[in-house]
Chemist: 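Sharing a structure below in structure tokens format, with a few things to ask.
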Amino acid sequence: MKLVPGESATEEKSSIDVLTAARSAAADIALITDAGQAITHVSTSFTAMTGYEPADLLGRNCRVMQGPGTDPETKRQMRDLLASKEVFEGQVLNYRKDGSAFWTALRIVPVRAGTGTEVTHFVSVQRDISNKVALLKQLQDQALHDPVTGLPNRTAAEQAIDEAVRMSYGQEATAAIGLIDLDDFRLINNTYGHAAGDAVLRQWSTRVLSRLREGDMLARMGGDEFILILKNIVRNTVDEDLPEVLNRLHGAVEEPFQVAGQQVHIGMSMGIALVPQDGTDSRSILLSADEALYRVKGREDGNLTWWEAAEHLLPPLGAGPRASTGYADRVGPVDYRSALASGSVLVYLQPVVDLRDGSVDYFEALARLRLAGGHIASPEEFLPHLDADDQRELFTVVLDRALEVIAAWDQEGRYLGVSVNLPPEILHDRTIPQLIGDALSAHALLPGRLGLELLESPDIDLETQRVALQELSALGVGLAMDDLGSGHSSLQRLSSFPFSTIKLDRGLFLHVSDKPLETLSIMATLMQMGRDLGLSVVIEGLEDDSLTEAAIILGAPLGQGYYFAKPLAPQDCLRWIDSFTFELHLSPIQTSLGALAYHWQFARLAAPHPLELQRCPLTRFIDDTGAAAEVKAWHALQHSQTGMHPASSRLLIDWLTHRIRTPQP
């Protein structure tokens with residue numbers, strides 16, 4: 001440091017002391033080591049984070065904090081980069097002095113002090129990200145489990161089926177995959193309500209789990225449909241062993257269930273398929289099991305067995321002749337491929353609405369197939385039957401027609417964007433970026449007018465996807481992760497790929513009436529994650545005013561769903577825009593879920609309501625409901641100058657939750 005005119009040696013020393021103290025107190029600078037990686041400096045913030053005092057670490061290698069949970073690959077990468085005198089960045093699991101673990105976002109930078117070119121020190125900069133990692137883990141668990149029963153969901157089950165397929169080839173043992181449908185369950189929901197129905201589902205799943213063997217799996221598809229995975233079934237004795245296992249499982253419905261002080265009965269039916277005779281992946285196996293279930297539900301022969309086997313299994317023991325259900329006449333894979341080959345592809349458009357001002361942001365293009373008999377098939381019906389070549393053909397057709405539509409709108413002075421679903425399977429084809437660029441050029445459209453929504457799949461190579469998506473990003477099109485929260489490797493892809501938008505899966509909000517607080521928490525957390533990553537967020541599945549209002553209150557920027565419009569034929573879209581009015585974002589709170597969202601956004605931060613009591617939007621809502629005086633008192637306490645009152649806040653939340661769960665007249 002050089003003296004400046006008028007600066008004394010004392011002032012210089014004071015400046016050095018200030019810089020030294022600032023370096024020690026800096027929140028991010030944690031450690032400094034010499035070239036041999038021996039620790040020479042420990043910051044105050046690092047001591048607070050880990051419990052290690054300078055005397056514990058000076059002169060030692062920082063590997064002292066690594067334990068058995070540290071990822072070996074991360075350690076290898078760190079060692080190699082530091083040996084090469086390069087910067088290391090990554091997430092590392094370390095251990096505090098008291099033995100507790102914490103995740104840190106770590107950056108180690110080589111430093112060349114003085115005039116030489118050799119590295120003399122390494123500076124370690126780190127932040128404790130334990131809460132972030134725990135949240136991501138929680139979201140991953142939620143994405144793979146059913147919120148009502150706690151069972152694995154369909155996504156987790158499909159992964160388990162694919163694993164069973166890989167383990168079954170060439171082995172003496174195989175796996176059986178069943179689709180279970182609960183009989184008369186809808187009657188319970190209609191008679192006693194959805195809360196009672198959920199209670200029965202939990203009781204039933206507990207009973208079934210207690211009857212499964214070690215390694216078997218029960219998962220919930222949704223509603224009253226479940227997936228059963230029976231592993232380690234001996235191939236040579238399957239026709240004897242399988243009925244024995246399934247007869248034991250049927251005991252789960254042979255005793256009544258308790259609902260609201262009443263005893264109720266349900267039954268169950270199942271179609272079951274064998275790996276790999278009845279399918280070589282989760283889709284084909286589940287299709288075989290579904291065909292068998294269809295026969296069970298349709299037969300009227302009085303057969304006492306509750307399950308039916310797919311075609312490649314022998315009939316259940318004691319079963320009579322299979323009833324003819326006419327299933328062979330139903331639609332099959334050939335019908336879907338024929339419709340695609342003949343050009344019978346329809347493109348519908350669903351608007352994505354800006355929840356802040358009610359404008360239409362863009363349209364999502366949705367494919368349908370018109371079958372020979374006139375039936376219009378949705379993607380849920382035909383996508384499982386299309387291979388990669390079929391999906392490439394479908395994508396090409398939908399892309400061209402969607403761009404043709406918005407180019408025609410341009411001629412009318414209506415400049416809108418469009419998004420098209422991009423199957424990850426076709427990203428293996430390196431010609432896709434060129435295909436998209438050529439399509440944009442053919443319609444004289446700028447790349448920014450097009451968005452591509454990456455559909456999820458568990459079996460796609462991340463590196464292949466990354467290269468293709470980076471090329472598309474360089475082209476200038478928007479990239480969206482579709483159905484975030486539906487499972488697979490969403491969070492890994494989100495951190496790896498150049499997405500500009502995330503779309504929250506509608507499945508996250510299906511149980512909002514039963515679990516409103518949990519649903520709001522998931523929505524708010526994922527929205528905050530999007531904001532932190534600089535991504536636009538679209539809430540899918542906005543089907544009614546209550547969920548839409550809650551999304552608006554929590555600050556969701558974009559929304560999509562039947563509350564605004566069903567998928568429209570292209571010729572109807574501009575008329576719909578001209579007639580569409582959206583004022584929910586300007587209206588007072590109208591729904592109990594919206595009221596809960598408003599209060600919860602402050603309660604979760606232990607913050608009082610910011611407005612004066614009479615100006616608070618919750619005041620008018622409570623008054624309009626005719627609530628008791630105690631409810632108004634609970635709300636008034638949230639406006640106290642001394643801060644919110646947790647007890648009354650909890651009572652207010654409980655009151656609003658009860659209103660959501662109990663439909664109001």
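Numbers here simply count residues along the sequence, with the first being 1. Just so it is clear, the model here is predicted, and its values are computed rather than measured.
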Chemist: Report yes if some heavy atom in the side chain of Ile436 is under 4.5 Å from a heavy atom in the side chain of Leu452; otherwise report no.
Modeler: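 SC-SC contact between Ile436 and Leu452 confirmed.
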
Chemist: State the CG-CG distance between Asp335 and Leu340, to the nearest 0.5 angstrom.
Modeler: 12.5 Å

Chemist: Is the shortest side-chain heavy-atom distance between Ile177 and Val275 below 4.5 Å?
Modeler: yes

Chemist: With a 3.5 Å distance limit and no angle check, can you tell me whether Thr104 reaches the backbone of Arg127 through a side-chain donor-acceptor pair?
Modeler: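 It does hold such a pair.
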
Chemist: First locate atom CD1 of Ile376, then atom CG of Leu371, and finally report the distance between them rounded to the nearest 0.5 Å.
Modeler: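 Going from the CD1 atom of Ile376 to the CG atom of Leu371 covers 7.5 Å.
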
Chemist: Can we say Arg401 and Glu404 salt-bridge, meaning some charged N sits less than 4.0 Å from an Asp/Glu carboxylate O?
Modeler: no

Chemist: CG/Leu446 to CZ/Arg449 distance, rounded to the nearest 0.5 angstrom?
Modeler: 7.5 Å

Chemist: Pro379 versus Arg368: any side-chain heavy-atom pair under 4.5 Å?
Modeler: yes

Chemist: Compare all side-chain heavy atoms of Asp80 with those of Phe88 and state whether any distance is below 4.5 angstrom.
Modeler: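 No - every pair of side-chain heavy atoms lies 4.5 Å or more apart.
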
Chemist: Please list all pairs passing the salt bridge (Lys or Arg N to Asp or Glu O under 4.0 Å) test where one or both residues lie in residues 382-391, with sequence neighbours left out.
Modeler: Arg337-Asp390

Chemist: Does the pair Arg392/Asp429 count as a salt bridge with the N-to-O cut at 4.0 Å?
Modeler: yes

Chemist: Hey, are Lys503 and Glu453 close enough for a salt bridge, meaning a charged N less than 4.0 Å from a carboxylate O?
Modeler: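 Salt bridge: yes.
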
Chemist: Out of curiosity, Met217 CE to Ile227 CD1, how far, rounded to the nearest 0.5 Å?
Modeler: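 The distance works out to 8.0 Å.
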
Chemist: Compare all side-chain heavy atoms of Leu504 with those of Phe509 and state whether any distance is below 4.5 angstrom.
Modeler: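 Heavy-atom side-chain distance check passes, below 4.5 Å.
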
Chemist: Within this structure, what is the CD-CE distance for the pair Glu518 and Met523, rounded to the nearest 0.5 Å?
Modeler: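 CE of Met523 is found 13.0 Å from CD of Glu518.
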
Chemist: For Glu412 and Trp409, indicate whether the former's side chain and the latter's backbone hold a donor-acceptor pair under 3.5 Å.
Modeler: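 No, because the side chain of Glu412 does not come within donor-acceptor range (under 3.5 Å) of the backbone of Trp409.
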
Chemist: Tell me whether Arg531 contacts the main-chain N or O of Gly534 through its side chain, where contact means a donor paired with an acceptor under 3.5 Å.
Modeler: no

Chemist: Under the rule for ring-ring contact (aromatic ring centres under 6.0 Å, His included), what residues qualify as partners of Tyr562, not counting sequence neighbours?
Modeler: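 Expected list: none.
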
Chemist: Do the side chains of Arg575 and Asp572 get close enough for a salt bridge, i.e. N-O under 4.0 angstrom?
Modeler: yes

Chemist: Does any part of the side chain of Val405, heavy atoms only, come nearer than 4.5 Å to the side chain of Val418, both counted from C-beta?
Modeler: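 Answer no - side chains too far apart.
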
Chemist: If the threshold is 4.0 Å, N to carboxylate O, is there a salt bridge linking Arg283 and Glu158?
Modeler: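 Here Arg283 does not pair with Glu158 in a salt bridge, since their nearest N and O are not under 4.0 Å apart.
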
Chemist: Give, for atom CH2 of Trp103 and atom CG of Leu93, the distance between the pair rounded to the nearest 0.5 Å.
Modeler: 5.0 Å

Chemist: Within the 4.5 Å heavy-atom criterion, are Gln601 and Leu520 side-chain neighbours or not?
Modeler: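 Heavy-atom side-chain distance check fails, nothing below 4.5 Å.
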
Chemist: State which residues pass side chain to side chain contact (heavy atoms under 4.5 Å, CB included) with Ser84; sequence neighbours excluded, sorted by chain then number.
Modeler: Glu86

Chemist: With side-chain hydrogen bond (donor to acceptor under 3.5 Å, both in side chains) as the criterion, how do Arg154 and Ser282 come out once you've worked through the C-alpha distance, each side chain's angles and the decisive distance to 0.1 Å?
Modeler: CA-CA 10 Å; Arg154 176 170 184 159; Ser282 60; over 6 Å; no

Chemist: Taking Arg414 first and then Asp410, would you say they form a salt bridge - that is, a charged N and a carboxylate O separated by under 4.0 Å?
Modeler: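 No.
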
Chemist: Taking CZ in Arg370 as the centre, count heavy atoms belonging to other residues, nucleotides or ligands within less than 6.0 Å. Is the count above 12?
Modeler: no

Chemist: Take the angle between the ring planes of Trp576 and Phe363 and call it parallel below 30°, perpendicular above 60°, tilted in between.
Modeler: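 Trp576 and Phe363: perpendicular rings.
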
